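All values reported here derive from a predicted model rather than from experimental measurement.
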Amino acid sequence: INELKAGKVAAVTMAGGQGSRLGHNGPKGTYDIGLSSHKSLFEIQCDGLKKVSAECGCVVPWYIMTSQINHKDTVDFFEEHDYFGYSKEDIFFFPQNMIPVIDMNGKFLLESKSKILRSPDGNGGLFSAVISSGALADMQKRGIAWIFICGIDNCLVQMADPLFMGYTA
């Protein structure tokens, strides 16, 4: 908990996916999982960050990796919901990178006759996206030493879990 109180912990949520397999039209993080509160996955994770921030007396910066497919919709969703009461200055949205798509035979798939189809590079692209987006520079400016990483799919995650962060440190 000392690292949290010292402002040395950030949270990163990987949220580049769409909710299409859930039957949802939009970014997966905007999905209402059916709780009586009707909170989206983003709001559930935000509530966890607000709780740990209050316990530690220090706001945990939240970095949200989107994709080029859902970046605007994600940012718009947060704006429409007033960032769920979290400080806008402490949320940093950044898109993951796009890579060429190939078929099972190693041939590039085309989006059009003159353009190669590109797709988000997945959770493994987190590290290069943190660097290329400026998120790492922002973390360094804030003095972040520890990063709690989770996927948006995990509605049970304890964001920036003080016990986990303490054992890690």
*Just say parallel, tilted or perpendicular for the rings of F77 and F84, cut-offs at 30° and 60°.*
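Aromatic pair F77/F84 classed tilted.
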*Give the ring-plane orientation class for F78 versus Y83, where under 30° counts as parallel, over 60° as perpendicular and anything between as tilted.*
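F78 vs Y83 ring planes: tilted.
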Single-linkage hydrophobic cluster, 4.5 Å side-chain cutoff, [X] and [Y] together:
X: L41; Y: Y86; answer: yes
X: F92; Y: V52; answer: no
X: I64; Y: I33; answer: yes

Are the side chains of [Y] and [X] in contact, using a 4.5 Å heavy-atom criterion?
X: S40; Y: E43; value: yes
X: V9; Y: I144; value: no
X: F148; Y: V157; value: yes
X: T66; Y: P27; value: no

Spacing of [atom1] belonging to [X] relative to [atom2] belonging to [Y], to within rounding of 0.5 Å:
X: I131; Y: S133; atom1: CD1; atom2: OG; result: 9.0 Å
X: N123; Y: M65; atom1: CG; atom2: CE; result: 5.0 Å
X: H81; Y: D76; atom1: NE2; atom2: CG; result: 11.5 Å
X: C58; Y: K5; atom1: SG; atom2: NZ; result: 11.0 Å
X: I152; Y: I44; atom1: CD1; atom2: CD1; result: 8.5 Å
X: I99; Y: L117; atom1: CD1; atom2: CG; result: 10.5 Å

Where do [X] and [Y] come nearest, in terms of heavy atoms and distance?
X: E89; Y: R142; result: O-NH2, 2.7 Å
X: Q45; Y: N154; result: NE2-O, 3.5 Å
X: A160; Y: L4; result: O-CD1, 3.7 Å
X: Q96; Y: A129; result: CA-CB, 3.8 Å
X: L49; Y: A11; result: CD2-CB, 3.8 Å
X: G16; Y: S67; result: O-OG, 2.9 Å

*Decide side-chain contact (heavy atoms from CB on, under 4.5 Å) for W62 and M159; before the verdict, give the C-alpha distance in whole Å, the side-chain angles of both, and the deciding distance to 0.1 Å.*
CA-CA 10 Å; W62 191 13; M159 295 294 284; 3.9 Å; yes
Counting distance only, does the side-chain N/O of [X] pair as donor-acceptor with the main-chain N or O of [Y] below 3.5 Å?
X: D103; Y: N105; answer: yes
X: T30; Y: G26; answer: no
X: D82; Y: G85; answer: no
X: T13; Y: A15; answer: no
X: S53; Y: V60; answer: yes
X: E3; Y: K8; answer: no
X: D73; Y: N70; answer: no

*Verify the ring-centre separation between Y31 and F42: is it less than 6.0 angstrom?*
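Ring-ring flag for F42/Y31: false, centres at least 6.0 Å apart.
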*Aromatic ring centroids of F94 and Y63 under 6.0 Å?*
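They do not qualify: ring centres at least 6.0 Å apart.
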*asked:* Check this for me, if you would: do K28 and D153 make a salt bridge, where the nitrogen-to-carboxylate-oxygen distance has to be below 4.0 angstrom?
replied: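 Salt bridge present between K28 and D153.
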*asked:* Do the side chains of D47 and K51 get close enough for a salt bridge, i.e. N-O under 4.0 angstrom?
replied: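 Salt bridge flag = no for K51 with D47.
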_Test side-chain contact (heavy atoms from CB on, under 4.5 Å) on M14 and I149; report intermediate values, then the result._
CA-CA 8 Å; M14 297 176 292; I149 302 171; 3.8 Å; yes
*Is there a side-chain contact (heavy atoms from CB on, under 4.5 Å) between M139 and I147 once you walk through the steps?*
CA-CA 9 Å; M139 290 176 192; I147 304 169; 3.6 Å; yes
_Could you go through W146 and T168, starting from their C-alpha distance and side-chain angles, then the distance that decides it, and tell me whether this counts as side-chain contact (heavy atoms from CB on, under 4.5 Å)?_
CA-CA 9 Å; W146 302 95; T168 301; 3.6 Å; yes
*Would you tell me whether N97 and S128 have side-chain atoms, one donor and one acceptor, within less than 3.5 Å of each other?*
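Note: N97 and S128 side chains meet the donor-acceptor criterion.
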